[in-house]
Amino acid sequence: MSWTDERPAWLPPIPPPHRGQVRIVLGMILVCSAMLTSLVVAAFGALLSMYILWPLAGGLLLLMSGLLSRRRGA
């Protein structure tokens with residue numbers, strides 16, 4: 001191993017390149033699918049079920065946690 005392979009101690013650590021990206025993508029998929037489902041159901045004039053709130057809440061939680069982890073890493 002060469003001396004150039006090690007990072008100097010005075011450099012800050014490099015964060016992972018894709019921090020929180022999986023949670024952001026999953027959150028966006030859940031939120032968009034819940035909104036699209038509610039729009040389609042409302043267009044047909046049917047009643048919305050309260051179960052549509054579970055994927056919406058889960059997607060928002062995933063989205064927020066992914067964005068917050070990305071913010072902490074910068």
Side-chain angles (χ1 to χ4, degrees):
M1 191 158 121
S2 175
W3 65 273
T4 58
D5 292 341
E6 298 177 16
R7 287 182 54 84
W10 50 271
L11 282 175
I14 298 174
H18 303 295
R19 181 184 298 230
Q21 185 174 4
V22 173
R23 283 178 284 175
I24 292 171
V25 169
L26 284 176
M28 286 298 293
I29 289 172
L30 282 172
V31 168
C32 290
S33 64
M35 289 296 170
L36 195 68
T37 303
S38 63
L39 283 175
V40 168
V41 169
F44 285 120
L47 291 176
L48 281 171
S49 172
M50 293 300 284
Y51 289 118
I52 198 72
L53 294 179
W54 287 111
L56 184 64
L60 287 174
L61 285 175
L62 281 172
L63 190 60
M64 286 188 295
S65 70
L67 288 173
L68 285 175
S69 71
R70 187 169 278 226
R71 182 176 178 199
R72 274 193 302 265

Report whether [X] and [Y] are members of the same hydrophobic cluster (ILVMFWY, side-chain heavy atoms less than 4.5 Å apart, transitive linking).
| X | Y | answer |
| --- | --- | --- |
| L60 | M35 | yes |
| M50 | V31 | yes |
| V22 | L62 | yes |

Rounded to the nearest 0.5 Å, how far apart are CG of L61 and CG of L26?
13.0 Å
State the CZ-OG distance between R19 and S69, to the nearest 0.5 angstrom.
6.5 Å
Report yes if the side chains of [X] and [Y] come closer than 4.5 Å at any heavy-atom pair, otherwise no.
| X | Y | answer |
| --- | --- | --- |
| R70 | Q21 | yes |
| T37 | I52 | yes |
| M28 | V25 | no |

Give the minimum heavy-atom separation between R23 and G66, together with the two atoms involved.
CB-CA, 4.0 Å
Does L39, at its CG atom, have more than 12 non-hydrogen atoms belonging to other residues, nucleotides or ligands within less than 6.0 Å?
yes
